[in-house]
Structures are given as structure tokens and as C-alpha cells.
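From a predicted model like this one, the values you see are computed outputs, not experimental measurements.
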Amino acid sequence: IGHDMLAIIAEDSSNPIVLNDFYESDINSYKSGIIDYPFSTLSEGKHSLTVKLWDVHNNSAEGVTAFVVLSSNNLTIQNLLNYPNPVVDFTSFYFEHNQNNEQVKVVLQIMDLQGRVVKEIIEDIIPNGYRYGPIQWDGKSESGAKLNAGVYVYSLIASLSNGKTTNNSGRLILIE
């Protein structure tokens, strides 16, 4: 009692944001959870966020992070990655974007080094937040055959209903 979970933007401690109602503990755990707060009115540019929390033993902890708010007028994909990489049986793709609660068509293409598309995964998503994933891939081709070990290139093409499109790419290693 008396110890709220607080967020402070840009060291403006006179206007803290109380996060208590946005916290959800992890299932079967009193040690961890998620705070999902919609920072929807921040101006474009660099910001810092300080979060102060308390545990049940009256200990406090504080963390600071810096981030950049981008315009949502143009679709942006950043930090596209897959894990695990190298890939044995499967991998999961994750990315960050700037289109919270907007429908986004995502086309993930896996290509060999000759540029041939060996697998294409298409998803229509309405992300809740600015990260999306996982998009799962089992290391198999479009026909379901296990691909040969080697280096493959992946490309994520994202498009909005207004026609704006962007893409990002990376490499993965498939091992046996």
C-alpha cells in the first residue's frame, strides 16, 4: 500500500503515470509480469522512460531506457530477427513496427542464395503493440520438403491497406 508502479517520461517527475492497472503477472509466478501501457500521445523524437516498482518486501527498483517515437504516417519495420539462428528444426521471426492497431499484411519470403523463393508465409495481422512475432517456420520448402543445410536470405514485406509498403531482410543458417 502506498507504493505505486510509476512511469516518468523525460524526467518529468511532477507528472508520473501510475501503471498499477496495466500490470498483469505471469501465470503461476509472483516474481514477474508485464506492464502494457499505451503511450499513444507521445511526440515524435527521442524520449527517456523511467519506471519505478516495489516488491512485496518493500524493496524498490528503478530502470531507465531511451527510445525514439517515429511517425506512423509511413510504415517502418525495424529489428527483424529470427531465433534460433542457426536453425535446426524450426525458427521464429520477430520484428518491430510503428503501426499499433492497424491492419498490416506481412509476407515473409525465405530465399536460397540464387534468389529463388523456397518458402513464403503470408499473414494479415492487427498488432497490439509495436512488436510482432512469432512467425514460425519449420525449415521446409513450399512443398514440405526439408531444405538442404546452408545460408538462406529472408525478406519481410509489410503493407498497409492504404498501399504503403516497406521491407527488411536478414540471413539465417540452416543446419542438419
Side-chain angles (χ1 to χ4, degrees), residues 5-12 15-27 32-53 63-85 87 90-111 115-142 152-174:
M5 292 184 245
L6 299 176
I8 299 168
I9 298 289
E11 301 175 6
D12 183 10
N15 292 314
I17 301 165
V18 178
L19 302 171
N20 300 350
D21 292 338
F22 300 92
Y23 174 76
E24 183 176 329
S25 62
D26 291 338
I27 295 174
S32 61
I34 294 174
I35 297 173
D36 189 4
Y37 184 82
F39 287 105
S40 57
T41 59
L42 293 175
S43 61
E44 289 182 43
K46 293 182 180 182
H47 296 275
S48 67
L49 172 70
T50 303
V51 177
K52 184 165 187 173
L53 307 168
V64 180
T65 189
F67 60 96
V68 177
V69 174
L70 301 174
S71 167
S72 62
N73 293 333
N74 293 317
L75 176 59
T76 302
I77 299 295
Q78 295 179 326
N79 299 325
L80 172 63
L81 61 93
N82 71 296
Y83 180 82
N85 190 7
V87 179
F90 73 93
T91 191
S92 300
F93 295 87
Y94 300 87
F95 62 93
E96 295 174 356
H97 57 86
N98 65 337
Q99 297 296 317
N100 184 33
N101 292 321
E102 294 291 328
Q103 183 166 351
V104 180
K105 181 179 181 178
V106 175
V107 178
L108 176 66
Q109 295 178 329
I110 314 292
M111 295 163 278
R116 295 180 296 236
V117 176
V118 295
K119 179 68 177 179
E120 185 172 79
I121 301 168
I122 301 171
E123 293 188 7
D124 285 314
I125 63 172
I126 300 177
N128 179 17
Y130 297 99
R131 290 189 183 137
Y132 186 76
I135 299 173
Q136 302 278 344
W137 180 53
D138 59 7
K140 296 181 181 174
S141 70
E142 210 53 59
Y152 291 83
V153 176
Y154 56 87
S155 176
L156 183 93
I157 303 160
S159 56
L160 299 173
S161 59
N162 65 10
K164 294 187 179 187
T165 301
T166 191
N167 67 340
N168 204 327
S169 61
R171 285 183 238 160
L172 61 85
I173 299 171
L174 186 62

Looking only at atom types and distance, does a side-chain atom of [X] sit under 3.5 Å from a main-chain N or O of [Y], one as donor and one as acceptor?
X: Asn168; Y: Ile77; value: yes
X: Glu142; Y: Glu120; value: yes
X: Asn85; Y: Ile173; value: yes

Item to complete: Using the test side chain to side chain contact (heavy atoms under 4.5 Å, CB included), find all partners of Asn79 that sit at least two apart in sequence or belong to another chain.
Response: Glu96
Step through the shown structure and confirm whether more than 12 heavy atoms of other residues, nucleotides or ligands are within 6.0 Å of [atom1] on [X].
X: Phe90; atom1: CZ; answer: no
X: Tyr23; atom1: OH; answer: yes
X: Lys164; atom1: NZ; answer: yes
X: Asn20; atom1: CG; answer: yes
X: Glu24; atom1: CD; answer: no

Practice prompt. Check step by step if side-chain contact (heavy atoms from CB on, under 4.5 Å) holds for Val104 and Ile126.
Written response: CA-CA 6 Å; Val104 180; Ile126 300 177; over 6 Å; no
Look up atom [atom1] in [X] and atom [atom2] in [Y], then write down how far apart they are to the nearest 0.5 Å.
X: Leu156; Y: Leu81; atom1: CG; atom2: CG; result: 11.0 Å
X: Leu108; Y: Leu80; atom1: CG; atom2: CG; result: 7.5 Å
X: Ile122; Y: Ile135; atom1: CD1; atom2: CD1; result: 11.0 Å
X: Tyr152; Y: Gln109; atom1: OH; atom2: CD; result: 15.5 Å
X: Leu75; Y: Leu160; atom1: CG; atom2: CG; result: 4.5 Å
X: Asp36; Y: Ile34; atom1: CG; atom2: CD1; result: 7.5 Å

List the atom of [X], the atom of [Y], and the distance in Å for their closest heavy-atom pair.
X: Pro38; Y: Phe22; answer: CD-CE2, 3.8 Å
X: Pro134; Y: Ser92; answer: CB-CB, 3.6 Å
X: Glu102; Y: Pro127; answer: O-CD, 3.3 Å

Just wondering, do [Y] and [X] contact through their side chains at under 4.5 Å, heavy atoms?
X: Leu6; Y: Val18; result: yes
X: Phe93; Y: Val106; result: no
X: Leu49; Y: His47; result: no

Worksheet entry | Partner of Tyr132 under side chain to side chain donor-acceptor pair (under 3.5 Å), chosen from Glu123, His97, Gln99 | Glu123
Practice prompt. Please assess Asp124 against Gln103 for the test side-chain contact (heavy atoms from CB on, under 4.5 Å), listing each intermediate value before the final yes or no.
Written response: CA-CA 7 Å; Asp124 285 314; Gln103 183 166 351; 3.9 Å; yes
Fill in: Ile157/Thr165 under side-chain contact (heavy atoms from CB on, under 4.5 Å): CA gap, chis, key distance, verdict
CA-CA 7 Å; Ile157 303 160; Thr165 301; 3.8 Å; yes
Worksheet item: Do Phe39 and Tyr37 have ring centroids that are under 6.0 Å from one another?
Response: yes
Practice prompt. Show your working on side-chain contact (heavy atoms from CB on, under 4.5 Å) between Thr91 and Tyr154 and close with a plain yes or no.
Written response: CA-CA 12 Å; Thr91 191; Tyr154 56 87; over 6 Å; no
